[in-house]
Amino acid sequence: MPKSWFTVAAATAEAPAEVAIRGYIGEWGVNDRDFIAQVEALGDVKELTVRINSRGGEVDHALAIFNFLRAHAARVTVRVDGVAMSSGSIIAMAGDEIIMPANTVMMIHNPWNYAAGTAKDLRKAADDLEAFEAALLETYVARTGKSADEIRALLDEDTYMTAAEALEHGFCDTVEAIGKKSAAAHAFACALGIPAAVLAKIQQIESTADEGGDPASGDPAAAAGNPDPAHVTLATQINTIAVAHGLGDHVAAWLLDDQIATADQARAAIEQAREIRDLCAFAKQPALAAGLIRSRKTLAESRQALCDALAEADEATHTSNHLPAHPGNAAAPGGAAVWNKIFPPRQTKE
């Protein structure tokens, strides 16, 4: 099954259309082509909710998604579910309303890239970065009302903002209090794709319990079951955590591990797997992630595997301008040399 970095749900009588962005933004994650195509496939929607939990990615994809959402006929509500960092914050700016629960985080910083070549190439790379910086300034200034100098100062500092700080700086419109139970139920529902009508039943049960009611006493809500986490099996909890982290394809790796006896142990293992997945994506080796996760490699072992893979690829692609060694050749191996290596195309990231 292909990895899903975002999900799209059509509008219903109970809820607006919704798209959830999870993880890397760019070619190996939420790319603009697939995102736009799937949202357009929803048809004529009046309201669209965009949920974000992303640490960023490639600027060009983020800008394209931002401009698509700004031009969309629907009223767009952005909700930050965890973090909207880097390119994730660019997409967040597309909301007609931006909502951040009190325990979420937003981060903005200057764009960066990697480059190789001559001095002229490197100067050109710096000019390219300044063009992308100007694009970010336009985006953040338009949304916050701050001056370009104020935004530039925030970008220079790699500014992390709590929800309250994002509100103060104009990066969101509403800071939402963390509910005692409803927020947990909503997160659970989103992770499993539970319809809004079912979520409403769960919330009704919670309300009855909060008021001292007994779901088993004949209350209609009792028919929906007991929402108490103590009654949820470990297998269900593992599946829920895996899906919430975008790792549902690998859930069997944790379900069958006899070393995982609690939800906390499962969460730790799955969070490490998410780190491995993201590490592989940023290293441009996403195909390695599945094998590393399913074989339960540690983060350190995964880094070594990536280094080995990159070294092997480097050996296969580089060329050297060393002259062959012979008695009359002063530039024998071991002396100073300039290496002309084949690098991937420059990619500007945020």
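Residue indices begin at 1 and follow the sequence shown.
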Sidechain N-carboxylate O distance under 4.0 Å for [X], [Y]:
{"X": "Arg303", "Y": "Asp308", "result": "no"}
{"X": "Asp127", "Y": "Lys124", "result": "no"}
{"X": "Arg75", "Y": "Asp96", "result": "no"}

Task: Transitive ILVMFWY cluster of Leu122, excluding itself - 4.5 Å side-chain cut-off - done: none
Task: Pairs meeting criterion salt bridge (charged side-chain N to carboxylate O under 4.0 Å, His left out) with involvement of residues 164-173, two or more places apart - done: Arg143-Asp173
Give, for atom [atom1] of [X] and atom [atom2] of [Y], the distance between the pair rounded to the nearest 0.5 Å.
{"X": "Ile238", "Y": "Thr233", "atom1": "CD1", "atom2": "OG1", "result": "8.5 Å"}
{"X": "Phe35", "Y": "Ile65", "atom1": "CZ", "atom2": "CD1", "result": "5.0 Å"}
{"X": "Leu155", "Y": "Leu136", "atom1": "CG", "atom2": "CG", "result": "6.0 Å"}
{"X": "Trp254", "Y": "Arg296", "atom1": "CH2", "atom2": "CZ", "result": "7.5 Å"}
{"X": "Ile52", "Y": "Ile91", "atom1": "CD1", "atom2": "CD1", "result": "6.0 Å"}

Do other residues, nucleotides or ligands put more than 12 heavy atoms under 6.0 Å from [X] [atom1]?
{"X": "Glu271", "atom1": "CD", "value": "yes"}
{"X": "Glu275", "atom1": "CD", "value": "yes"}
{"X": "Lys297", "atom1": "NZ", "value": "no"}
{"X": "Arg123", "atom1": "CZ", "value": "no"}

For [X] and [Y], indicate whether the former's side chain and the latter's backbone hold a donor-acceptor pair under 3.5 Å.
{"X": "His169", "Y": "Phe171", "result": "no"}
{"X": "Arg70", "Y": "Ala94", "result": "yes"}
{"X": "Asn53", "Y": "Arg22", "result": "no"}
{"X": "Ser54", "Y": "Gly23", "result": "yes"}
{"X": "Thr144", "Y": "Gly170", "result": "no"}

Note, [X] side chain near [Y] side chain (heavy atom, < 4.5 Å):
{"X": "His109", "Y": "Ser86", "result": "yes"}
{"X": "Val45", "Y": "His72", "result": "yes"}
{"X": "Met93", "Y": "Ile98", "result": "yes"}
{"X": "Asn110", "Y": "Asp156", "result": "yes"}
{"X": "Asp264", "Y": "Arg267", "result": "yes"}
{"X": "Glu40", "Y": "Phe68", "result": "yes"}

Task: Donor-acceptor pair between Glu97 and Thr174 side chains, under 3.5 angstrom - done: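 Indeed, the side chains of Glu97 and Thr174 share at least one donor-acceptor pair under 3.5 Å.
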Same cluster for [X] and [Y] if Ile/Leu/Val/Met/Phe/Trp/Tyr side chains link at under 4.5 Å?
{"X": "Ile108", "Y": "Val175", "value": "no"}
{"X": "Phe66", "Y": "Ile99", "value": "no"}
{"X": "Ile36", "Y": "Ile90", "value": "yes"}
{"X": "Val39", "Y": "Val50", "value": "yes"}

